[in-house]
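Keep in mind it's a predicted model, so treat the numbers as computed, not measured. Throughout, protein chains are lettered first and strands after them, A, B, ... in sequence-line order, and every chain is numbered starting at 1.
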Number of protein chains: 2
Amino acid sequence: MEDTVESSPALKAFGLLEAIAAMDHAPTLAELTEVANLPKPTLHRWLTMLEGAELLRRLPDGRRYELAARSTALAFAILSNNPGSIRRHQILQGVVRDLGESCNLTLLQGGEVMYLDRVEASLPLRVAFQKGSRVPVHCSASGKLFMALMPRGRRERLLTSLPLDKHTANTITDPAALDAELQQIKRQGYALDDEEFLTGLFCIAVPIFDRDGRDCMAALALQAPVVRLWRENAPDRLPALRTAASALAATLN
Amino acid sequence: MEDTVESSPALKAFGLLEAIAAMDHAPTLAELTEVANLPKPTLHRWLTMLEGAELLRRLPDGRRYELAARSTALAFAILSNNPGSIRRHQILQGVVRDLGESCNLTLLQGGEVMYLDRVEASLPLRVAFQKGSRVPVHCSASGKLFMALMPRGRRERLLTSLPLDKHTANTITDPAALDAELQQIKRQGYALDDEEFLTGLFCIAVPIFDRDGRDCMAALALQAPVVRLWRENAPDRLPALRTAASALAATLN
DNA sequence: TTCAATGTTCAGCTTTTCGGAATAAGGTTC
DNA sequence: GAACCTTATTCCGAAAAGCTGAACATTGAA
(Lines give C-alpha, C1' and ligand atoms only; values in the text may rest on other atoms or scores of the structure.)
Protein backbone atom coordinates (compact mmCIF):
# COMPACT_ATOMS: atom_id res chain seq x y z
CA MET A 1 0.00 0.00 0.00
CA GLU A 2 1.03 3.58 -0.53
CA ASP A 3 2.84 5.12 2.33
CA THR A 4 1.47 8.47 1.28
CA VAL A 5 -1.54 9.65 3.17
CA GLU A 6 -4.81 9.05 1.38
CA SER A 7 -6.69 12.23 0.88
CA SER A 8 -9.88 10.80 2.29
CA PRO A 9 -10.73 8.01 4.67
CA ALA A 10 -13.20 6.69 2.15
CA LEU A 11 -10.33 5.72 -0.13
CA LYS A 12 -8.38 3.95 2.54
CA ALA A 13 -10.43 0.85 1.85
CA PHE A 14 -8.92 0.60 -1.63
CA GLY A 15 -5.44 0.88 -0.25
CA LEU A 16 -6.21 -1.93 2.14
CA LEU A 17 -7.58 -4.18 -0.56
CA GLU A 18 -4.54 -3.45 -2.67
CA ALA A 19 -2.27 -4.28 0.21
CA ILE A 20 -4.03 -7.56 0.90
CA ALA A 21 -4.18 -8.50 -2.77
CA ALA A 22 -0.46 -7.82 -3.06
CA MET A 23 0.44 -10.21 -0.25
CA ASP A 24 1.17 -13.80 -1.07
CA HIS A 25 -0.58 -15.13 2.00
CA ALA A 26 -3.57 -14.18 4.09
CA PRO A 27 -2.33 -11.57 6.58
CA THR A 28 -3.20 -11.10 10.23
CA LEU A 29 -4.13 -7.79 11.77
CA ALA A 30 -0.62 -7.42 13.13
CA GLU A 31 1.01 -8.06 9.76
CA LEU A 32 -1.21 -5.54 8.07
CA THR A 33 -0.51 -2.98 10.76
CA GLU A 34 3.07 -2.79 9.52
CA VAL A 35 2.26 -2.79 5.82
CA ALA A 36 -0.57 -0.29 6.01
CA ASN A 37 1.09 1.86 8.63
CA LEU A 38 -2.11 2.36 10.56
CA PRO A 39 -2.85 2.13 14.27
CA LYS A 40 -4.17 -1.22 15.35
CA PRO A 41 -7.67 -0.14 16.40
CA THR A 42 -8.13 1.81 13.19
CA LEU A 43 -7.10 -1.10 11.05
CA HIS A 44 -9.27 -3.43 13.06
CA ARG A 45 -12.26 -1.23 12.48
CA TRP A 46 -11.62 -1.16 8.74
CA LEU A 47 -11.11 -4.88 8.41
CA THR A 48 -14.31 -5.54 10.32
CA MET A 49 -16.10 -3.15 8.02
CA LEU A 50 -14.73 -4.77 4.89
CA GLU A 51 -15.59 -8.17 6.27
CA GLY A 52 -19.14 -7.00 6.87
CA ALA A 53 -19.27 -5.80 3.28
CA GLU A 54 -18.13 -9.23 2.11
CA LEU A 55 -15.09 -7.82 0.45
CA LEU A 56 -12.91 -9.71 2.89
CA ARG A 57 -13.46 -12.74 5.02
CA ARG A 58 -11.62 -14.40 7.83
CA LEU A 59 -10.07 -17.78 7.69
CA PRO A 60 -11.42 -20.24 10.25
CA ASP A 61 -8.60 -19.41 12.63
CA GLY A 62 -10.28 -16.04 13.05
CA ARG A 63 -7.05 -14.13 12.66
CA ARG A 64 -6.24 -14.08 8.98
CA TYR A 65 -8.06 -12.10 6.31
CA GLU A 66 -8.42 -12.98 2.65
CA LEU A 67 -10.30 -11.57 -0.30
CA ALA A 68 -13.92 -12.64 -0.47
CA ALA A 69 -16.49 -13.15 -3.17
CA ARG A 70 -17.42 -9.53 -3.69
CA SER A 71 -13.83 -8.53 -4.38
CA THR A 72 -13.50 -11.17 -7.04
CA ALA A 73 -16.78 -10.17 -8.61
CA LEU A 74 -15.71 -6.54 -8.65
CA ALA A 75 -12.39 -7.42 -10.24
CA PHE A 76 -14.06 -9.37 -12.97
CA ALA A 77 -16.54 -6.59 -13.62
CA ILE A 78 -13.75 -4.06 -13.86
CA LEU A 79 -11.74 -6.10 -16.34
CA SER A 80 -14.63 -7.03 -18.54
CA ASN A 81 -16.15 -3.59 -18.56
CA ASN A 82 -13.11 -1.52 -18.75
CA PRO A 83 -12.71 1.28 -21.23
CA GLY A 84 -10.00 -0.86 -22.77
CA SER A 85 -12.33 -3.82 -23.21
CA ILE A 86 -13.74 -2.51 -26.46
CA ARG A 87 -10.30 -1.77 -27.81
CA ARG A 88 -9.13 -5.23 -26.80
CA HIS A 89 -12.04 -6.83 -28.51
CA GLN A 90 -11.22 -4.92 -31.68
CA ILE A 91 -7.64 -6.13 -31.55
CA LEU A 92 -8.83 -9.70 -31.20
CA GLN A 93 -11.14 -9.20 -34.14
CA GLY A 94 -8.18 -7.97 -36.15
CA VAL A 95 -6.21 -11.09 -35.37
CA VAL A 96 -9.11 -13.33 -36.30
CA ARG A 97 -9.56 -11.44 -39.57
CA ASP A 98 -5.85 -11.68 -40.42
CA LEU A 99 -5.25 -15.28 -39.38
CA GLY A 100 -8.68 -16.76 -39.90
CA GLU A 101 -8.82 -18.65 -36.62
CA SER A 102 -10.42 -18.18 -33.21
CA CYS A 103 -8.53 -16.11 -30.73
CA ASN A 104 -8.55 -15.79 -26.93
CA LEU A 105 -7.37 -13.24 -24.42
CA THR A 106 -6.58 -15.16 -21.24
CA LEU A 107 -5.66 -14.44 -17.63
CA LEU A 108 -4.29 -16.57 -14.89
CA GLN A 109 -6.84 -16.55 -12.14
CA GLY A 110 -5.78 -18.53 -9.16
CA GLY A 111 -4.76 -21.88 -10.52
CA GLU A 112 -6.73 -21.76 -13.73
CA VAL A 113 -6.68 -20.05 -17.07
CA MET A 114 -9.65 -17.77 -17.58
CA TYR A 115 -10.93 -16.45 -20.89
CA LEU A 116 -11.24 -12.70 -20.48
CA ASP A 117 -12.38 -12.19 -24.04
CA ARG A 118 -12.71 -14.26 -27.16
CA VAL A 119 -13.45 -13.82 -30.84
CA GLU A 120 -14.43 -16.80 -32.92
CA ALA A 121 -13.51 -17.47 -36.48
CA SER A 122 -16.45 -17.60 -38.81
CA LEU A 123 -15.25 -20.86 -40.32
CA PRO A 124 -16.98 -24.08 -39.53
CA LEU A 125 -15.07 -26.62 -37.46
CA ARG A 126 -14.52 -24.12 -34.70
CA VAL A 127 -14.43 -24.86 -31.02
CA ALA A 128 -16.97 -23.26 -28.77
CA PHE A 129 -15.61 -21.89 -25.56
CA GLN A 130 -17.12 -19.07 -23.61
CA LYS A 131 -15.97 -15.83 -22.09
CA GLY A 132 -15.36 -16.37 -18.42
CA SER A 133 -14.87 -20.11 -18.71
CA ARG A 134 -11.77 -21.76 -17.35
CA VAL A 135 -9.32 -24.44 -18.34
CA PRO A 136 -6.49 -26.10 -16.41
CA VAL A 137 -3.04 -24.54 -16.61
CA HIS A 138 -1.04 -27.66 -17.34
CA CYS A 139 -2.78 -28.54 -20.59
CA SER A 140 -3.35 -25.18 -22.24
CA ALA A 141 -0.92 -23.03 -24.18
CA SER A 142 -1.73 -19.95 -22.10
CA GLY A 143 -1.48 -21.82 -18.83
CA LYS A 144 1.90 -23.30 -19.60
CA LEU A 145 3.06 -19.89 -20.75
CA PHE A 146 1.98 -18.26 -17.49
CA MET A 147 3.76 -20.91 -15.49
CA ALA A 148 6.89 -20.70 -17.58
CA LEU A 149 7.13 -16.93 -17.08
CA MET A 150 6.23 -16.61 -13.42
CA PRO A 151 8.81 -16.37 -10.62
CA ARG A 152 10.15 -19.72 -9.57
CA GLY A 153 8.71 -19.68 -6.06
CA ARG A 154 5.23 -19.04 -7.29
CA ARG A 155 5.53 -21.67 -9.98
CA GLU A 156 6.64 -24.30 -7.52
CA ARG A 157 3.82 -23.48 -5.13
CA LEU A 158 1.34 -23.72 -7.99
CA LEU A 159 2.75 -26.96 -9.34
CA THR A 160 2.44 -28.75 -6.04
CA SER A 161 -1.21 -27.82 -5.77
CA LEU A 162 -2.15 -28.94 -9.28
CA PRO A 163 -3.73 -32.30 -10.02
CA LEU A 164 -2.24 -32.63 -13.57
CA ASP A 165 -5.29 -34.50 -14.78
CA LYS A 166 -5.08 -36.36 -18.06
CA HIS A 167 -7.51 -34.91 -20.60
CA THR A 168 -6.18 -36.45 -23.79
CA ALA A 169 -3.44 -38.81 -24.87
CA ASN A 170 -1.12 -35.80 -25.22
CA THR A 171 -1.72 -34.20 -21.83
CA ILE A 172 1.52 -33.80 -19.91
CA THR A 173 0.91 -35.42 -16.55
CA ASP A 174 4.48 -36.04 -15.47
CA PRO A 175 5.87 -33.16 -13.36
CA ALA A 176 9.37 -33.58 -14.73
CA ALA A 177 8.15 -33.54 -18.32
CA LEU A 178 6.05 -30.49 -17.57
CA ASP A 179 9.03 -28.77 -16.06
CA ALA A 180 11.12 -29.46 -19.15
CA GLU A 181 8.30 -28.16 -21.33
CA LEU A 182 8.09 -24.97 -19.27
CA GLN A 183 11.81 -24.37 -19.64
CA GLN A 184 11.58 -24.68 -23.38
CA ILE A 185 8.59 -22.32 -23.43
CA LYS A 186 10.53 -19.79 -21.45
CA ARG A 187 13.42 -20.03 -23.91
CA GLN A 188 11.34 -19.63 -27.02
CA GLY A 189 8.87 -17.10 -25.67
CA TYR A 190 5.68 -18.79 -26.77
CA ALA A 191 3.73 -21.92 -25.91
CA LEU A 192 1.89 -24.59 -27.83
CA ASP A 193 -0.99 -26.83 -26.89
CA ASP A 194 -0.81 -29.86 -29.15
CA GLU A 195 -4.11 -31.57 -28.46
CA GLU A 196 -3.33 -31.63 -24.77
CA PHE A 197 -6.74 -30.48 -23.62
CA LEU A 198 -9.08 -31.45 -26.43
CA THR A 199 -8.29 -33.96 -29.09
CA GLY A 200 -8.10 -32.23 -32.44
CA LEU A 201 -7.46 -28.78 -31.02
CA PHE A 202 -4.14 -26.97 -31.41
CA CYS A 203 -3.20 -23.65 -29.76
CA ILE A 204 -0.35 -21.19 -29.80
CA ALA A 205 -0.04 -18.50 -27.13
CA VAL A 206 2.18 -15.45 -26.73
CA PRO A 207 2.63 -13.39 -23.57
CA ILE A 208 1.25 -9.92 -22.89
CA PHE A 209 3.62 -8.09 -20.60
CA ASP A 210 2.89 -5.26 -18.21
CA ARG A 211 4.27 -1.77 -18.63
CA ASP A 212 7.61 -2.70 -17.15
CA GLY A 213 7.87 -5.59 -19.58
CA ARG A 214 8.64 -8.05 -16.84
CA ASP A 215 5.37 -9.53 -15.57
CA CYS A 216 3.23 -11.59 -17.90
CA MET A 217 -0.22 -10.41 -16.96
CA ALA A 218 -2.21 -11.97 -19.77
CA ALA A 219 -1.80 -14.05 -22.90
CA LEU A 220 -3.06 -14.05 -26.43
CA ALA A 221 -3.85 -17.47 -27.82
CA LEU A 222 -4.82 -18.60 -31.27
CA GLN A 223 -6.68 -21.87 -31.51
CA ALA A 224 -7.63 -24.04 -34.44
CA PRO A 225 -8.26 -27.62 -35.47
CA VAL A 226 -5.05 -29.60 -36.01
CA VAL A 227 -5.95 -29.95 -39.65
CA ARG A 228 -5.30 -26.24 -40.06
CA LEU A 229 -2.78 -25.47 -37.30
CA TRP A 230 0.01 -27.76 -36.12
CA ARG A 231 3.45 -27.78 -34.62
CA GLU A 232 5.28 -26.93 -37.84
CA ASN A 233 3.12 -24.15 -39.23
CA ALA A 234 2.05 -22.52 -35.95
CA PRO A 235 5.16 -20.33 -35.59
CA ASP A 236 4.23 -18.63 -38.87
CA ARG A 237 1.53 -16.86 -36.89
CA LEU A 238 3.95 -15.45 -34.33
CA PRO A 239 4.62 -12.07 -35.96
CA ALA A 240 0.94 -11.23 -36.17
CA LEU A 241 0.32 -12.49 -32.64
CA ARG A 242 3.25 -10.54 -31.21
CA THR A 243 2.07 -7.34 -32.82
CA ALA A 244 -1.40 -7.82 -31.40
CA ALA A 245 0.03 -8.73 -28.00
CA SER A 246 1.89 -5.48 -27.69
CA ALA A 247 -1.21 -3.55 -28.74
CA LEU A 248 -3.15 -5.46 -26.08
CA ALA A 249 -0.52 -4.66 -23.48
CA ALA A 250 -1.26 -0.98 -24.00
CA THR A 251 -4.88 -1.54 -23.05
CA LEU A 252 -4.10 -3.35 -19.84
CA ASN A 253 -2.51 -0.67 -17.76
CA MET B 1 -25.64 -0.73 -7.62
CA GLU B 2 -27.92 -2.03 -4.95
CA ASP B 3 -30.56 0.28 -3.64
CA THR B 4 -29.97 -0.79 -0.06
CA VAL B 5 -28.16 1.78 2.02
CA GLU B 6 -24.49 1.09 2.55
CA SER B 7 -23.74 0.80 6.20
CA SER B 8 -20.85 3.20 5.98
CA PRO B 9 -19.90 6.04 3.71
CA ALA B 10 -16.49 4.47 3.32
CA LEU B 11 -18.03 1.56 1.46
CA LYS B 12 -20.06 3.71 -0.86
CA ALA B 13 -17.04 4.00 -3.10
CA PHE B 14 -17.20 0.27 -3.82
CA GLY B 15 -20.84 0.51 -4.67
CA LEU B 16 -20.05 3.28 -7.09
CA LEU B 17 -17.26 1.37 -8.78
CA GLU B 18 -19.52 -1.65 -9.05
CA ALA B 19 -22.24 0.49 -10.57
CA ILE B 20 -19.89 1.99 -13.10
CA ALA B 21 -18.32 -1.36 -13.93
CA ALA B 22 -21.78 -2.79 -14.45
CA MET B 23 -22.80 -0.15 -16.98
CA ASP B 24 -22.23 -0.78 -20.63
CA HIS B 25 -21.10 2.75 -21.36
CA ALA B 26 -19.30 5.52 -19.55
CA PRO B 27 -21.96 7.31 -17.49
CA THR B 28 -22.44 10.98 -16.82
CA LEU B 29 -23.11 12.46 -13.43
CA ALA B 30 -26.80 12.70 -14.21
CA GLU B 31 -27.04 9.08 -15.28
CA LEU B 32 -25.31 7.90 -12.16
CA THR B 33 -27.57 10.03 -10.01
CA GLU B 34 -30.45 7.80 -10.97
CA VAL B 35 -28.62 4.50 -10.68
CA ALA B 36 -26.92 5.28 -7.40
CA ASN B 37 -29.88 7.12 -5.94
CA LEU B 38 -27.72 9.85 -4.47
CA PRO B 39 -28.10 13.64 -4.50
CA LYS B 40 -26.20 15.31 -7.27
CA PRO B 41 -23.67 17.18 -5.14
CA THR B 42 -22.93 14.09 -3.11
CA LEU B 43 -22.27 12.03 -6.17
CA HIS B 44 -20.20 14.78 -7.67
CA ARG B 45 -17.99 14.86 -4.61
CA TRP B 46 -17.50 11.10 -4.75
CA LEU B 47 -16.68 11.03 -8.42
CA THR B 48 -14.17 13.82 -8.01
CA MET B 49 -12.62 11.93 -5.14
CA LEU B 50 -12.38 8.70 -7.11
CA GLU B 51 -10.97 10.59 -10.03
CA GLY B 52 -8.32 12.10 -7.79
CA ALA B 53 -7.44 8.61 -6.62
CA GLU B 54 -7.05 7.50 -10.23
CA LEU B 55 -9.73 4.90 -9.83
CA LEU B 56 -11.86 6.78 -12.33
CA ARG B 57 -11.04 9.21 -15.09
CA ARG B 58 -13.07 11.48 -17.27
CA LEU B 59 -13.40 11.12 -20.94
CA PRO B 60 -12.11 14.08 -22.90
CA ASP B 61 -15.61 15.54 -23.04
CA GLY B 62 -15.30 16.14 -19.31
CA ARG B 63 -18.71 14.73 -18.55
CA ARG B 64 -18.38 10.97 -18.69
CA TYR B 65 -16.56 8.81 -16.20
CA GLU B 66 -14.81 5.52 -16.87
CA LEU B 67 -12.63 3.16 -14.91
CA ALA B 68 -9.00 4.23 -14.76
CA ALA B 69 -5.60 2.65 -14.38
CA ARG B 70 -5.73 1.97 -10.67
CA SER B 71 -8.99 0.10 -10.96
CA THR B 72 -7.52 -2.15 -13.60
CA ALA B 73 -4.42 -2.74 -11.54
CA LEU B 74 -6.53 -3.57 -8.52
CA ALA B 75 -8.61 -5.98 -10.55
CA PHE B 76 -5.50 -7.77 -11.75
CA ALA B 77 -4.11 -7.93 -8.27
CA ILE B 78 -7.34 -9.38 -6.91
CA LEU B 79 -7.65 -11.99 -9.64
CA SER B 80 -4.04 -13.09 -9.64
CA ASN B 81 -3.81 -13.11 -5.88
CA ASN B 82 -4.36 -16.73 -5.10
CA PRO B 83 -6.49 -16.60 -2.04
CA GLY B 84 -6.83 -20.04 -0.63
CA SER B 85 -10.44 -20.09 -1.69
CA ILE B 86 -9.55 -21.00 -5.26
CA ARG B 87 -7.18 -23.69 -4.17
CA ARG B 88 -9.75 -25.07 -1.78
CA HIS B 89 -12.31 -25.16 -4.52
CA GLN B 90 -9.90 -27.09 -6.73
CA ILE B 91 -9.33 -29.62 -4.00
CA LEU B 92 -13.05 -30.11 -3.61
CA GLN B 93 -13.37 -30.54 -7.35
CA GLY B 94 -10.73 -33.23 -7.19
CA VAL B 95 -12.65 -35.13 -4.52
CA VAL B 96 -15.87 -34.91 -6.48
CA ARG B 97 -14.09 -36.14 -9.58
CA ASP B 98 -12.49 -39.06 -7.74
CA LEU B 99 -15.46 -40.13 -5.68
CA GLY B 100 -18.32 -39.04 -7.90
CA GLU B 101 -20.38 -37.46 -5.14
CA SER B 102 -21.05 -33.96 -3.87
CA CYS B 103 -18.60 -32.58 -1.42
CA ASN B 104 -18.71 -29.83 1.23
CA LEU B 105 -16.19 -27.80 3.13
CA THR B 106 -17.79 -26.88 6.43
CA LEU B 107 -17.09 -24.70 9.43
CA LEU B 108 -18.55 -24.47 12.87
CA GLN B 109 -19.97 -21.02 13.18
CA GLY B 110 -22.12 -19.84 16.04
CA GLY B 111 -23.44 -23.24 17.06
CA GLU B 112 -24.27 -24.24 13.51
CA VAL B 113 -22.49 -25.90 10.65
CA MET B 114 -21.88 -23.56 7.75
CA TYR B 115 -21.00 -24.54 4.20
CA LEU B 116 -17.91 -22.54 3.31
CA ASP B 117 -17.65 -24.07 -0.13
CA ARG B 118 -19.30 -26.83 -2.05
CA VAL B 119 -18.90 -28.74 -5.29
CA GLU B 120 -21.75 -30.79 -6.63
CA ALA B 121 -21.51 -34.06 -8.42
CA SER B 122 -22.75 -33.97 -11.96
CA LEU B 123 -24.87 -37.06 -11.41
CA PRO B 124 -28.59 -36.84 -11.15
CA LEU B 125 -30.09 -37.59 -7.77
CA ARG B 126 -27.95 -35.05 -6.06
CA VAL B 127 -28.96 -32.90 -3.15
CA ALA B 128 -29.05 -29.19 -3.58
CA PHE B 129 -27.57 -27.22 -0.74
CA GLN B 130 -26.03 -23.81 -1.06
CA LYS B 131 -22.77 -22.18 -0.13
CA GLY B 132 -23.25 -20.20 3.04
CA SER B 133 -26.27 -22.16 4.21
CA ARG B 134 -26.37 -23.71 7.64
CA VAL B 135 -27.46 -26.95 9.26
CA PRO B 136 -27.75 -27.98 12.91
CA VAL B 137 -24.74 -29.60 14.56
CA HIS B 138 -26.45 -32.54 16.19
CA CYS B 139 -27.76 -34.09 13.00
CA SER B 140 -24.96 -33.53 10.53
CA ALA B 141 -21.74 -35.47 10.09
CA SER B 142 -19.64 -32.32 10.23
CA GLY B 143 -21.45 -30.97 13.25
CA LYS B 144 -21.06 -34.13 15.27
CA LEU B 145 -17.43 -34.27 14.24
CA PHE B 146 -16.81 -30.73 15.46
CA MET B 147 -18.47 -31.50 18.76
CA ALA B 148 -16.62 -34.76 19.20
CA LEU B 149 -13.26 -33.11 18.69
CA MET B 150 -13.72 -29.90 20.66
CA PRO B 151 -12.52 -29.49 24.24
CA ARG B 152 -14.88 -30.94 26.80
CA GLY B 153 -15.84 -27.64 28.39
CA ARG B 154 -16.84 -26.11 25.09
CA ARG B 155 -18.76 -29.20 24.08
CA GLU B 156 -20.76 -29.25 27.29
CA ARG B 157 -21.59 -25.57 26.98
CA LEU B 158 -22.71 -26.10 23.41
CA LEU B 159 -24.74 -29.19 24.21
CA THR B 160 -26.76 -27.52 26.92
CA SER B 161 -27.66 -24.68 24.60
CA LEU B 162 -28.79 -26.88 21.71
CA PRO B 163 -32.43 -27.74 21.09
CA LEU B 164 -31.73 -31.21 19.53
CA ASP B 165 -34.69 -30.93 17.21
CA LYS B 166 -35.92 -34.07 15.50
CA HIS B 167 -35.58 -33.79 11.71
CA THR B 168 -36.00 -37.42 10.68
CA ALA B 169 -36.65 -40.78 12.30
CA ASN B 170 -32.90 -41.19 12.72
CA THR B 171 -32.09 -37.85 14.34
CA ILE B 172 -30.38 -38.34 17.69
CA THR B 173 -32.39 -36.30 20.18
CA ASP B 174 -31.33 -37.97 23.41
CA PRO B 175 -28.34 -36.20 25.02
CA ALA B 176 -26.94 -39.45 26.39
CA ALA B 177 -27.17 -41.15 23.02
CA LEU B 178 -25.56 -38.15 21.37
CA ASP B 179 -22.77 -38.21 23.89
CA ALA B 180 -22.12 -41.88 23.19
CA GLU B 181 -22.11 -41.16 19.45
CA LEU B 182 -19.62 -38.35 19.95
CA GLN B 183 -17.30 -40.59 21.90
CA GLN B 184 -17.32 -43.15 19.13
CA ILE B 185 -16.68 -40.43 16.54
CA LYS B 186 -13.72 -39.21 18.52
CA ARG B 187 -12.33 -42.76 18.66
CA GLN B 188 -12.69 -43.50 14.97
CA GLY B 189 -11.75 -40.06 13.69
CA TYR B 190 -14.65 -39.55 11.31
CA ALA B 191 -18.39 -39.03 11.52
CA LEU B 192 -21.42 -40.30 9.67
CA ASP B 193 -24.83 -38.82 9.11
CA ASP B 194 -27.16 -41.70 8.44
CA GLU B 195 -30.31 -39.93 7.27
CA GLU B 196 -30.33 -37.89 10.47
CA PHE B 197 -31.06 -34.57 8.80
CA LEU B 198 -32.73 -35.49 5.53
CA THR B 199 -34.29 -38.83 4.80
CA GLY B 200 -32.38 -40.55 2.04
CA LEU B 201 -29.20 -38.54 2.53
CA PHE B 202 -26.01 -40.08 3.88
CA CYS B 203 -22.83 -38.19 4.78
CA ILE B 204 -19.32 -38.94 5.89
CA ALA B 205 -17.09 -36.22 7.30
CA VAL B 206 -13.40 -36.07 8.18
CA PRO B 207 -11.70 -33.35 10.22
CA ILE B 208 -9.37 -30.66 8.90
CA PHE B 209 -6.87 -29.84 11.61
CA ASP B 210 -4.91 -26.66 12.12
CA ARG B 211 -1.18 -26.47 11.65
CA ASP B 212 -0.46 -28.02 15.03
CA GLY B 213 -2.84 -30.85 14.33
CA ARG B 214 -4.76 -30.17 17.51
CA ASP B 215 -7.82 -28.08 16.72
CA CYS B 216 -10.38 -29.19 14.21
CA MET B 217 -11.01 -25.96 12.36
CA ALA B 218 -13.10 -27.25 9.49
CA ALA B 219 -14.43 -30.46 8.03
CA LEU B 220 -14.66 -32.11 4.66
CA ALA B 221 -17.90 -33.96 4.07
CA LEU B 222 -19.01 -36.20 1.27
CA GLN B 223 -22.72 -36.54 0.79
CA ALA B 224 -24.78 -38.87 -1.35
CA PRO B 225 -28.11 -40.62 -1.50
CA VAL B 226 -28.28 -43.75 0.70
CA VAL B 227 -28.65 -45.83 -2.41
CA ARG B 228 -25.06 -45.01 -3.28
CA LEU B 229 -23.47 -44.35 0.10
CA TRP B 230 -24.25 -46.12 3.36
CA ARG B 231 -22.80 -47.20 6.67
CA GLU B 232 -20.87 -50.15 5.30
CA ASN B 233 -19.32 -48.68 2.16
CA ALA B 234 -18.74 -45.13 3.39
CA PRO B 235 -15.39 -45.88 5.06
CA ASP B 236 -14.00 -46.87 1.66
CA ARG B 237 -13.93 -43.16 0.89
CA LEU B 238 -11.80 -42.31 3.90
CA PRO B 239 -8.37 -42.46 2.27
CA ALA B 240 -9.34 -40.03 -0.49
CA LEU B 241 -11.08 -37.75 1.99
CA ARG B 242 -8.16 -37.76 4.41
CA THR B 243 -5.73 -36.86 1.64
CA ALA B 244 -7.91 -33.98 0.54
CA ALA B 245 -8.39 -32.89 4.15
CA SER B 246 -4.70 -32.49 4.73
CA ALA B 247 -4.37 -30.53 1.49
CA LEU B 248 -7.21 -28.31 2.66
CA ALA B 249 -5.54 -27.83 6.03
CA ALA B 250 -2.63 -26.20 4.26
CA THR B 251 -4.92 -23.56 2.79
CA LEU B 252 -6.52 -22.66 6.08
CA ASN B 253 -3.69 -21.12 8.05
C1' DT C 1 -30.46 35.59 -27.14
C1' DT C 2 -33.13 32.67 -24.38
C1' DC C 3 -34.14 28.54 -22.18
C1' DA C 4 -33.44 24.15 -20.23
C1' DA C 5 -30.48 20.73 -18.66
C1' DT C 6 -26.40 19.46 -16.59
C1' DG C 7 -22.38 20.30 -13.75
C1' DT C 8 -20.07 22.77 -9.77
C1' DT C 9 -19.52 25.35 -5.50
C1' DC C 10 -20.81 26.72 -0.85
C1' DA C 11 -21.80 26.30 4.10
C1' DG C 12 -23.76 24.85 8.17
C1' DC C 13 -25.20 20.84 10.15
C1' DT C 14 -24.84 15.62 10.91
C1' DT C 15 -22.47 11.56 10.96
C1' DT C 16 -18.37 9.00 10.84
C1' DT C 17 -13.75 8.24 11.81
C1' DC C 18 -9.62 8.42 14.64
C1' DG C 19 -6.60 6.16 17.81
C1' DG C 20 -4.55 6.15 22.79
C1' DA C 21 -5.62 3.63 26.55
C1' DA C 22 -7.78 -0.06 28.72
C1' DT C 23 -9.37 -4.75 28.47
C1' DA C 24 -9.75 -9.37 26.70
C1' DA C 25 -8.21 -13.45 24.53
C1' DG C 26 -4.56 -16.77 23.13
C1' DG C 27 -0.17 -18.81 23.58
C1' DT C 28 4.23 -19.85 25.57
C1' DT C 29 7.53 -20.56 29.24
C1' DC C 30 9.00 -22.05 33.43
C1' DG D 1 -0.84 -24.09 36.38
C1' DA D 2 0.85 -19.52 37.22
C1' DA D 3 3.30 -15.83 35.18
C1' DC D 4 4.26 -13.58 31.12
C1' DC D 5 4.00 -12.07 26.57
C1' DT D 6 1.81 -11.26 22.24
C1' DT D 7 -2.11 -10.21 19.58
C1' DA D 8 -6.96 -8.89 19.14
C1' DT D 9 -10.91 -6.11 20.60
C1' DT D 10 -13.58 -2.49 22.88
C1' DC D 11 -14.27 2.33 24.55
C1' DC D 12 -15.12 7.03 23.90
C1' DG D 13 -14.08 12.10 23.57
C1' DA D 14 -11.98 14.85 20.04
C1' DA D 15 -11.40 15.67 15.32
C1' DA D 16 -12.47 15.07 10.64
C1' DA D 17 -15.25 13.97 6.88
C1' DG D 18 -19.62 13.51 4.78
C1' DC D 19 -24.17 15.40 3.58
C1' DT D 20 -27.08 18.05 0.58
C1' DG D 21 -30.43 22.15 -0.31
C1' DA D 22 -29.75 26.10 -2.52
C1' DA D 23 -27.31 29.07 -5.37
C1' DC D 24 -24.38 29.61 -9.21
C1' DA D 25 -21.95 28.33 -13.65
C1' DT D 26 -21.62 26.14 -17.92
C1' DT D 27 -23.11 23.90 -21.97
C1' DG D 28 -25.95 23.01 -25.92
C1' DA D 29 -30.17 23.50 -28.49
C1' DA D 30 -33.84 26.21 -30.32
Do side-chain atoms of A/Thr33 reach the backbone of A/Leu29 as a donor and acceptor pair under 3.5 angstrom?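 Yes, the answer is positive, given that a donor and an acceptor are paired below the 3.5 Å cut-off.
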Whether B/His138 side chain and B/Leu162 backbone form a donor-acceptor pair below 3.5 Å: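 A pair under 3.5 Å: no.
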Within the structure shown, what part of the strands sits under 4.0 Å from B/Thr28 by heavy-atom distance: base, sugar-phosphate, or nothing?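 Result for B/Thr28 = sugar-phosphate.
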At how many degrees, to 10°, do the end axes of the helix from C/dT1-D/dA30 to C/dC30-D/dG1 meet when each uses five pairs?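 So the angle between the two local helix axes works out to 40°.
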Going by atom type alone, with no hydrogens or angles, which donor-acceptor pairs under 3.5 Å involve a side-chain atom of residues 239-250 of chain B and a protein atom two or more places apart or on another chain?
unit_1: B/Arg242; atom_1: NH2; unit_2: B/Gly189; atom_2: O; d: 3.1
unit_1: B/Thr243; atom_1: OG1; unit_2: B/Pro239; atom_2: O; d: 2.9
unit_1: B/Ser246; atom_1: OG; unit_2: B/Thr243; atom_2: O; d: 3.1

Rounded interatomic separation in angstrom, taking CG from A/Leu29 and C1' from D/dT6: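 My rounded result for the distance is 12 Å.
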Rounded to whole angstrom units, what separation is found between the OH atom of B/Tyr65 and the P atom of C/dT6?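 About 14 Å, once rounded to whole Å.
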State plainly whether the residues A/Glu66 and A/Arg57 are in salt-bridge range, i.e. N to O under 4.0 Å.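 Counted as a salt bridge, because a side-chain N and a carboxylate O are separated by less than 4.0 Å.
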By salt bridge (charged side-chain N to carboxylate O under 4.0 Å, His left out) - contacts of [X] (at least two apart):
| X | value |
| --- | --- |
| B/Arg231 | B/Asp194 |
| A/Glu31 | A/Arg64 |
| A/Arg87 | none |

Short side-chain N/O contact to D/dT9 OP1/OP2 from A/His44, under 4.0 Å: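 Result: yes.
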OP1, OP2 of C/dG7 versus side-chain N and O of B/Arg64: anything below 4.0 Å?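 So the side chain of B/Arg64 is outside the cut-off, no N or O lying under 4.0 Å from OP1 or OP2 of C/dG7.
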Among B/Arg45, B/Arg58, B/Arg70, find the residue that satisfies the salt bridge (charged side-chain N to carboxylate O under 4.0 Å, His left out) test when tested with B/Glu51.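 Only one option passes, and that is B/Arg58.
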B/S/- contact track for nucleotides 18-30 of chain D, protein heavy atom under 4.0 Å: SBBBB--------
